[in-house]
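What follows is one structure encoded as structure tokens, with my remarks underneath.
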Amino acid sequence: MKPEKSEKPGNPENPGNPEKTVKTQSTARSTQTATLAEIAREAGVSAPTVSKVLNGRADVAPATRARVEELLRSYGYRRRRAEATRSPLIDLVFHELESAWAMEVIRGVENVARDEGLSVVLSESAGRLTPGRTWADQVAARRPHGVILVLSGLDESQRALLTSRSIPFVVMDPAGDPGDDVPSIGATNWHGGLAATRHLVELGHTRIGAISGPSRMMCSRARVDGYRAALETAGLPVDPGLVKAGDFHHEAGYRLGRELLRRPDRPTAVFAGNDLQALGLYEAARELGLRIPQDLSVVGFDDLPVARWVGPPLTTVRQPLTEMAEAAAKLVLELGREAGASAATRVELATSLVVRSSTGAAPAQAQTHA
């Protein structure tokens with residue numbers, strides 16, 4: 001058996017030393033540097049074992065992997081980009097992957113990946129806002145050009161793992177506040193909610209309901225805040241009973257729509273937090289014998305292709321999903337190419353109101369009553 005080569009610690013005083021070195025980030029080690037060999041010695045393992053952990057290899061005991069990862073984080077180790085042999089891939093991660101909304105995002109990332117000669121790997125975190133640990137290890141093993149997380153995020157250990165491998169990441173439409181040091185791509189959600197509700201106010205509606213998305217998602221809260229701002233600016237009261245928290249799915253639009261429309265003081269217009277919930281609201285209105293837009297005006301959000309083909313065609317706020325996904329893909333590749341590129345990047349693309357046939361003047365009786 002061939003003996004393992006010994007590795008000498010790097011000398012920060014000697015720039016000719018080919019050994020990899022890295023500055024530590026912890027206070028206790030702020031004046032030290034660490035090589036892979038030194039990390040290996042402190043962890044009580046061989047340098048090849050540390051390399052296996054860096055490369056996401058599965059043949060490392062969990063306890064050993066955790067010990068090495070902790071030391072890599074403690075020393076602030078970051079693999080040089082030139083050292084990281086990348087696979088021709090972009091990792092695209094969804095918290096849920098089951099709607100036409102996701103298809104628009106996939107199309108945008110594919111557009112950029114195709115031009116760059118790359119392929120796209122899809123992952124789903126089963127509704128969780130952060131992927132599981134297994135996912136992070138798999139990404140480390142794949143060594144993609146970058147990772148795009150949609151309505152998702154990373155915990156501290158996952159961020160450290162990707163950073164140490166020089167795998168850049170971008171969050172698209174972040175569920176929460178991603179932090180100042182996380183690059184992200186979003187849309188002007190507040191302005192979209194404002195524009196949708198203001199349109200209904202201008203049509204004479206005074207009782208306007210809202211079916212939002214999950215309250216834990218930043219984009220959902222921003223849209224409802226825009227809705228409230230439009231009502232308050234118009235001097236109309238915000239009735240908490242007319243605001244329902246959904247989940248961005250068709251079923252929620254149907255169920256919550258029935259709740260709103262069966263009220264004795266039902267709204268004459270509803271702003272749905274996305275197009276899928278608006279379509280569920282359509283179904284609830286039909287079952288209750290209400291005509292759109294004669295008895296009920298509806299505004300959605302997203303402008304999915306189906307919005308043009310439903311009857312009547314849906315008035316909605318256009319969120320440029322494909323363009324957002326293209327911007328996220330271009331940004332993550334730029335971060336991967338430029339060692340000095342700043343990660344503190346927040347981009348918001350403009351939303352716009354698209355008026356179709358699902359909105360009209362408030363019913364005369366409602367206007368008289370108001």
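Keep in mind it's a predicted model, so treat the numbers as computed, not measured.
Remark: Arg107 engages Glu104 in a salt bridge, criterion side-chain N to carboxylate O under 4.0 Å. Arg356 and Asp303 are joined by a salt bridge, as a carboxylate oxygen and a charged side-chain nitrogen come within less than 4.0 angstrom of each other.
Taking CG from Asp137 and CD from Gln158, the interatomic distance works out to 9.5 Å, rounded to the nearest 0.5 Å. Of the inter-residue distances, the one linking Arg207 atom CZ with Asp239 atom CG reads 5.0 Å to the nearest 0.5 angstrom. One finds the CD1 atom of Ile208 at 7.0 Å from the OG1 atom of Thr268 (value rounded to the nearest 0.5 Å). Interatomic distance, Ser297 OG to Leu200 CG, rounded to the nearest 0.5 Å: 6.0 Å. Of the inter-residue distances, the one linking Leu92 atom CG with Glu124 atom CD reads 11.5 Å to the nearest 0.5 angstrom. In this structure, CG on Leu122 lies 7.5 Å from CD on Glu110, to the nearest 0.5 angstrom.
Looking only at distances, no side-chain donor or acceptor of His205 sits under 3.5 Å from a matching main-chain atom of Leu203. When atom types are taken as modelled, the side chain of Arg223 and the backbone of Asn189 share no donor-acceptor pair closer than 3.5 angstrom. Side chain of Ser357 to main chain of Pro313: no donor-acceptor pair is present (N/O by atom type, distance under 3.5 Å, no hydrogens or angles). Using modelled atom types, no side-chain atom of Tyr227 and backbone atom of Gly273 make a donor-acceptor pair closer than 3.5 Å. Not a single donor-acceptor pair under 3.5 Å links the side chain of Gln277 to the backbone N or O of Ala252. Remark: side-chain polar atoms of Thr351 are not paired, donor with acceptor, to backbone N or O of Gln319 under 3.5 angstrom. Between the side chain of Arg159 and the backbone N or O of Leu154, no donor-acceptor pair lies under 3.5 Å.
Follow the hydrophobic side-chain contacts under 4.5 Å out from Trp101 and you reach Leu97 in the same cluster. Both Leu349 and Val332 are part of a single hydrophobic cluster, where members link through side-chain heavy atoms under 4.5 Å apart. No continuous path of hydrophobic side-chain contacts links Leu290 to Tyr254 [ILVMFWY only; heavy atoms under 4.5 Å]. Both Val109 and Ile106 are part of a single hydrophobic cluster, where members link through side-chain heavy atoms under 4.5 Å apart. Cluster membership check: Met172 does not share its hydrophobic cluster with Val121, using side-chain heavy-atom separations under 4.5 Å among Ile, Leu, Val, Met, Phe, Trp and Tyr.
In this structure, Leu231 and Pro237 approach most closely via the heavy-atom pair CD1-O, 4.1 Å. Considering all non-hydrogen atoms of both residues, Leu261 and Arg266 come closest at O-CD, 3.6 Å. Between Ala278 and Gly300, the shortest heavy-atom contact is CB-CA, 4.1 Å. The two residues Arg263 and Gly241 make their nearest non-hydrogen contact at NH1-O, 3.2 Å. Of all heavy-atom pairs between Gly257 and Ile211, the closest is N-CD1, 3.9 Å. Of all heavy-atom pairs between Asp275 and Ala307, the closest is OD2-CB, 3.9 Å.
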| query | Can you check side chain to side chain contact (heavy atoms under 4.5 Å, CB included) on Arg165 and Leu161, steps first, answer last? | reply | CA-CA 7 Å; Arg165 276 70 169 180; Leu161 186 148; 3.7 Å; yes

| request: Test Leu304 against Thr316 for side chain to side chain contact (heavy atoms under 4.5 Å, CB included), laying out the working first. | output: CA-CA 9 Å; Leu304 299 176; Thr316 187; over 6 Å; no

| Working for side chain to side chain contact (heavy atoms under 4.5 Å, CB included), residues Val139 and Arg142 | CA-CA 5 Å; Val139 171; Arg142 281 196 291 271; 3.6 Å; yes

| request: Go through the steps to decide whether Glu287 and Arg262 satisfy the test salt bridge (Lys or Arg N to Asp or Glu O under 4.0 Å), and finish with yes or no. | output: CA-CA 11 Å; Glu287 284 190 3; Arg262 290 168 70 100; over 6 Å; no

| Please walk me through it: do Asp91 and Ile167 pass side chain to side chain contact (heavy atoms under 4.5 Å, CB included)? | CA-CA 10 Å; Asp91 262 71; Ile167 299 174; over 6 Å; no

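A donor-acceptor pair shorter than 3.5 Å cannot be found between the side chains of Ser87 and Arg143. No side-chain donor-acceptor contact under 3.5 Å links Glu116 and His145.
The closest side-chain heavy-atom distance from Arg346 to Pro174 is below 4.5 Å. Between Leu288 and Arg258 there is a side-chain heavy-atom pair separated by less than 4.5 Å. Here the side chains of Met217 and His95 are in contact, with some heavy-atom distance below 4.5 Å. Residues Leu281 and Ile292 fail the side-chain proximity criterion, which asks for heavy atoms closer than 4.5 Å.
Between Phe301 and Phe271, the ring planes are tilted. Angles from 30° to 60° get that label.
In this structure Val355 satisfies the side chain to side chain contact (heavy atoms under 4.5 Å, CB included) test together with His199, Thr315, Leu353, Thr359, sequence neighbours excluded.
Heavy-atom contacts from other residues, nucleotides or ligands closer than 6.0 Å to CD of Gln294 number more than 12. The environment of CZ in Arg198 is sparse: at most 12 heavy-atom neighbours from other residues, nucleotides or ligands sit within 6.0 Å.
Hydrophobic cluster of Leu194: the remaining members, joined at side-chain heavy-atom separations below 4.5 Å, are Trp190, listed by chain and number.
Looking at Val93, Val170, Val171, Leu89 one by one, the single match for side chain to side chain contact (heavy atoms under 4.5 Å, CB included) with Val147 turns out to be Val93. When the options Leu335, Val182, Ile148 are evaluated for a side chain to side chain contact (heavy atoms under 4.5 Å, CB included) with Phe169, the one that passes is Val182.
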